[in-house]
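Below you'll find the structure, written out as structure tokens, and then a few comments.
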2 protein chains.
Amino acid sequence: MSKPEVTTSRLDDAARAGWLYYVAGNTQDEIAAKLGISRQSAQRMVSLAVSEGLVKVRLDHPIAHCLDLADRLKKRFHLNMVEVVPTDPGSSSTTLGVADAAADEMTRWLKSETPIIMGIGTGRTLKAAIELLSPIECPQHKVVSLTGNIAPDSSAAFYNVIFNIADKIKARSFPMPLPVIASSPEERELLHAQAMIRPVLELSAQANVAFLGIGDLEDDAPLFVDGFISRDELLALRRAGAVCEIVGRAFNREGIPIEGLTNDRVASARIPSRDTATVIAIAKGAKKMPGIAAAIKGNLINGLITDEQTAEALLR
Amino acid sequence: MSKPEVTTSRLDDAARAGWLYYVAGNTQDEIAAKLGISRQSAQRMVSLAVSEGLVKVRLDHPIAHCLDLADRLKKRFHLNMVEVVPTDPGSSSTTLGVADAAADEMTRWLKSETPIIMGIGTGRTLKAAIELLSPIECPQHKVVSLTGNIAPDSSAAFYNVIFNIADKIKARSFPMPLPVIASSPEERELLHAQAMIRPVLELSAQANVAFLGIGDLEDDAPLFVDGFISRDELLALRRAGAVCEIVGRAFNREGIPIEGLTNDRVASARIPSRDTATVIAIAKGAKKMPGIAAAIKGNLINGLITDEQTAEALLR
DNA sequence: TGGTTGTGTGAGTATTTGCCCATAAGACAA
DNA sequence: TTGTCTTATGGGCAAATACTCACACAACCA
């Protein structure tokens, strides 16, 4: 996928058109007249502004039902922070909505003046969230990756998002130049003992807040699809009772890590403790239900961003 | 202001509809189907969400801030046209950006099919703007100089730009073959009465649009540096309260012309009336702030092209 | 009871918008 | 310079959206 390569001046015009359209409420015809271009071009400008993500729409309304669900989830599972976004009944996207909410929540943390350490997991949802993050400058913060960023084929792991977020927010970032899953427990220990890695692991333990995706372990489990584990390993995990994976580590339905198997080789940092950090999972959808439930039961998380449907299912 | 008194549940629905519309990107038809209401009602819900301020649109682009500032300047000072360009933090140029914007604005006017009369002031900013003007053929228009084009040493005044612009746009041009400042009030009257000059003055009074630079009166005031007035005259003007100069004429901080002194000898045309013309000042920078403020206060202009920093300062 | 007022609805209609397509304009190699 | 490829532009049209209107219904009041 090659970038469309939009020049700056073009984006400026797009922003201008977008502003006139969304903020000033002009029609495309009016914009065309003001900018001295044809209506069609104005339309293109506006849609470019949208597709380039310049236009951010936010709804300032705690939709009652969602709030209600969030409140009940919080009480029932002793969570500190729950955000429930409305479910779009027609869409099957696993990131729509929750990614927006996650981006908003990240922004809330990043706005803090006092320096914070933010741990970042991995996954599609997280990647979508960070794509939606508005750029803000916060050099006072540190962002630390909780997972390695090297895929089995030695390429950069695509869903490792530490660079994306660091780029957006201009904070100091701490990637983990490691494979996600080491070839043996011994190798993992060796890697973790490296001078380059140790400080990152220590930093991740001090995180004030962490954002995590939850991966399912069905046949198209991200861990398998992305080539981090083999089909046999996936099946073995399932046989051992694993229902989900967080930063590469597999857990059973009680939220207890699976003993042995790939878990012994996962090179990710420990999930920050709920006692010292706000640990927020971002997940929605039926597939992830067991995983979310496990994460809650195992006291792995104290924050959750999900959607209405999933929230309702969790409460049953 | 009477409260429309909208019930909460109604607002919830509106928020939900708004969410489905703006965030999930559904059409009103789809929303209607999903929420089990008619399309018209869905439309009403969405527009309610907008009018109740539930929907917040933000543009993530520096331009957005500029447009915002422009809007506020327009409203605050009752201007018809304001353009704010981003301030380049690295550059100290007094023309960068605003000159481009001025050139664009000129182009917009020149594109008009119906003949217009364009008045042109003088100055470094204007010269830079015209240099940036892309050549277009517009024989239907007339460009008239508002100032004389003869420097005290009888050479062509360097910052009189009437020839430059005429050259670029192939319009009929009307220079004023006069010194910028006559040697005495009587000489000015004599010059203005000339058969060659009178039509130019009359034409300038009919201008549809005028572009003006604003000159400061600090120690390196252009009027002094270019040799049009002596140091003593400059000091006298300052003592009389002058803060800026437009087409050679000095004004105090209220935008009132200074009585006597060099003003009695300035051979420039009158600044076109804001009632019949769009009178656009092009200026930015701390030095010119008092001048811009004066031009606004004195109702000399109804258009402004400036930069972000200056716009912000003006609003304070 | 009957009128009045306010609110919400759907129908109809004018406006606005998104998108396809043909063509113009520009970029670039031969 | 020419031919070719890429990119941008404007026309046209169908879909989507906003607006106006007449009417239904309920609440309220004399």
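In what follows, every heavy atom counts, from backbone to side chain, and hydrogens, waters and symmetry copies are set aside.
A:S41 has a side-chain polar atom (N or O) that falls below the 4.0 Å cut-off from OP1 or OP2 of D:dG10. The phosphate of C:dG10 (OP1 or OP2) has a side-chain N or O of B:S38 nearer than 4.0 angstrom.
B:R44 places its CZ atom 10 Å from the C1' atom of D:dA18, with the value rounded to the nearest Å. As a whole-Å value, the separation of B:M45 CE from D:dA18 C1' is 15 Å. In this structure, A:D13 atom CG and D:dT9 atom P are separated by 10 Å, rounded to whole Å.
Counting only distance, with no hydrogens or angles, the side chain of A:K168 and the backbone of A:E131 share a donor-acceptor pair below 3.5 Å. A donor-acceptor contact shorter than 3.5 Å links the side chain of B:T107 to the backbone of B:A103. The backbone N or O of B:V84 lies less than 3.5 Å from no partner atom in the side chain of B:T306, so there is not a single donor-acceptor pair. Using modelled atom types, no side-chain atom of B:S145 and backbone atom of B:F174 make a donor-acceptor pair closer than 3.5 Å. With B:Q206 contributing its side chain and B:L203 its backbone, the two residues share no donor-acceptor pair below 3.5 Å. Between the B:H141 side chain and the B:I117 main chain, no donor and acceptor come within less than 3.5 Å of each other.
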Pairs: protein N or O with nucleotides 12-17 of chain D N or O, under 3.5 Å:
unit_1 : atom_1 : unit_2 : atom_2 : d
D:dT17 : OP1    : B:Y21  : OH     : 3.2
D:dT17 : OP2    : B:Q28  : N      : 2.8

